[in-house]
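Letters go in sequence order (proteins before strands), and every chain restarts at 1. Keep in mind it's a predicted model, so treat the numbers as computed, not measured.
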2 protein chains.
Amino acid sequence: MSAVAYKKIMTNQQQAAAFGEVVVPLSKSLPLATFAASTEIFAPGQAALNIYQVEFGAVRVYRLLSDGRRQVIAFHLAGESFGLEAGATHQLFAETIIPTGLRIVPTDGASRHQIDVTALALQAMASAQNHIMLVSRLTAVERISAFLLDMANRQGGLNHFDLPMSRLDMADYLDLTIETVSRVLAKLRSAGLIRLRSIRRIEIMRPEDLHNISA
Amino acid sequence: MSAVAYKKIMTNQQQAAAFGEVVVPLSKSLPLATFAASTEIFAPGQAALNIYQVEFGAVRVYRLLSDGRRQVIAFHLAGESFGLEAGATHQLFAETIIPTGLRIVPTDGASRHQIDVTALALQAMASAQNHIMLVSRLTAVERISAFLLDMANRQGGLNHFDLPMSRLDMADYLDLTIETVSRVLAKLRSAGLIRLRSIRRIEIMRPEDLHNISA
DNA sequence: CGCACGCTTGAAGCGCGTCAAAAAAGGTGG
DNA sequence: CCACCTTTTTTGACGCGCTTCAAGCGTGCG
């Protein structure tokens, strides 16, 4: 990494910039579509017509490289929206991770459901820009720490929360291998920063320390 | 890198997804603001009120980490637009790289100038997603090759073009050190793929080979 | 002309990936 | 509820690509 020392200092506000998503009113009036785990929601080539709001469950959005490697662009949890893309057709895959309920809102009728498409697009842009920093400038320990804090914040801010996704999903999101993810979690655990209640259930023991590491 | 072999294959369309920007009609009716090299256009904390269209010159948009590391989010060349952010205030820095002329369009009056803010945001999102792949999944040689091809395409597609930015700017954009940038350029030169007419002027000798490397 | 800054080149070290194997978790049918 | 099998996760040893640290080199501007 280029650790050239620049003069300007990052503000707290910037550091606190969340990885999360806009919270918009869920369109309860629309029918709830339910999906089993690991079910495709959309795929490249399909027309991008809808905005999807997660009622419950979790979704991964990703792309595949020509050599078969996978890049997870984003996870979407309850209360969050996804599905917007730059062109008329999808370039990305979206799949449920666990059993999931979605409200499907046609993009051209979004305003009727109080959805601000521009705000959603801007949030997605900011989120992607944050992700660049995450994968390009942080060490493995910093990435995992930031990721755990982000997951905690997006699930109510409690120190005790679920990781809906597998280690492989995390690895492909954070640009690490599953081995490194596993090793870093073990390291954070033995340092007393977190506890692994079960394989996909985390308790953050020392949030401040984790936050310091994640910067 | 997680090189797990997934089954789905990336389409050519996806691979060809450009790193470039939307081309919107320039608002020639607005006054042209000119800036010297290395001049701040906006900084974190300032109100985000405008969209900036580059008439000539080049701009870097970046953020700083608390420890002084810099992440260049994007470069903007003649004909491109920037300045959109998710909140009411800027989180990012924008600076000219070389002497630059800008048309400054108030966001709230963008539609009068035929600017689609949502489309601009979605393009920025797609560009950031491409950037994630660039910095997280490609080797140093692949990143530089992709970057050079992108720069060539965005300046008319000629094989002979200017790099307006310094090696440090390139390094902070590609998530490499200046030493690695320098070494890779030397390697591409000695392999006969490019020529360095001057320190910031590149000629691509074998575009196809460079393209093959960049994937 | 000479100094300063950006760029290049070299040598050594380290963080994370790769390869390998064991351990744990999760289904499935009896 | 328990054997059995599969998949996921963890742990270990080793290697490589890039960073780091350190000198030289070139180029432009006062």
- Assign the ring pair B/Phe82 / B/His76 to parallel, tilted or perpendicular, where the plane angle (0 to 90°) is split at 30° and 60°. parallel
- Any idea how A/Tyr62 and A/Phe93 line up, ring-wise: parallel (<30°), tilted (30 to 60°), or perpendicular (>60°)?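 Plane angle under 30°, so parallel.
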- Given axes from five pairs at either end, by how many degrees does the helix from C/dC1-D/dG30 to C/dG30-D/dC1 bend, rounded to 10°? 50°
Distance-only polar pair, side chains of [X] and [Y], donor-acceptor under 3.5 Å:
X        : Y        : value
B/Ser38  : B/Glu95  : no
A/Asn212 : A/Arg206 : no
B/Arg63  : A/Asn130 : yes
A/Glu85  : A/His90  : yes

Atom-to-atom span, [atom1] of [X] to [atom2] of [N] - whole angstrom:
X        : N      : atom1 : atom2 : value
B/Glu179 : C/dG13 : CD    : C1'   : 14 Å
B/Leu163 : C/dC7  : CG    : P     : 10 Å
B/Asp172 : D/dT19 : CG    : P     : 11 Å
A/Leu138 : C/dG15 : CG    : C1'   : 14 Å
B/Ile202 : C/dC7  : CD1   : C1'   : 13 Å
B/Arg167 : C/dT9  : CZ    : P     : 11 Å
A/Ile178 : C/dA21 : CD1   : P     : 16 Å
B/Met170 : C/dG6  : CE    : C1'   : 14 Å

- Message: Using a 4.0 Å cut-off on heavy atoms, which residues in residues 183-192 of chain B reach DNA chain D? List them by number, or say none.
- Response: B/Arg183
- Message: Can you tell me which nucleotide in D/dT10, D/dC21, C/dG17 comes closest to the side chain of A/Ile199?
- Response: D/dT10
- Message: Between A/His131 and A/Tyr173, does the ring-ring contact (aromatic ring centres under 6.0 Å, His included) criterion hold? Intermediate values first, please.
- Response: CA-CA 9 Å; A/His131 199 170; A/Tyr173 177 74; 4.2 Å; yes
- Item | Closest-nucleotide 5' rank along DNA chain C - winner of B/Met165 and A/Thr180 | B/Met165
- Message: Does D/dT19 have OP1 or OP2 under 4.0 Å away from a side-chain N or O of B/Thr177?
- Response: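 Yes, within the criterion.
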- Query: So, is A/Ser166 close to the D/dT8 phosphate, meaning a side-chain N or O under 4.0 Å from OP1 or OP2?
  - Reply: no
- Message: A quick test of your reading: do over 12 heavy atoms of other residues, nucleotides or ligands sit less than 6.0 Å from NE2 of A/His160?
- Response: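 Buried by this count: over 12 neighbours within 6.0 Å.
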- Between B/Val141 and A/Arg200, just flag the one whose closest nucleotide in DNA chain D comes earlier from the 5' side.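 Mapping each residue to its closest nucleotide by heavy atoms, the 5'-most match is A/Arg200.
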- Sorted by chain and number, sequence neighbours left out, salt bridge (Lys or Arg N to Asp or Glu O under 4.0 Å) with A/Arg197 holds for A/Glu203
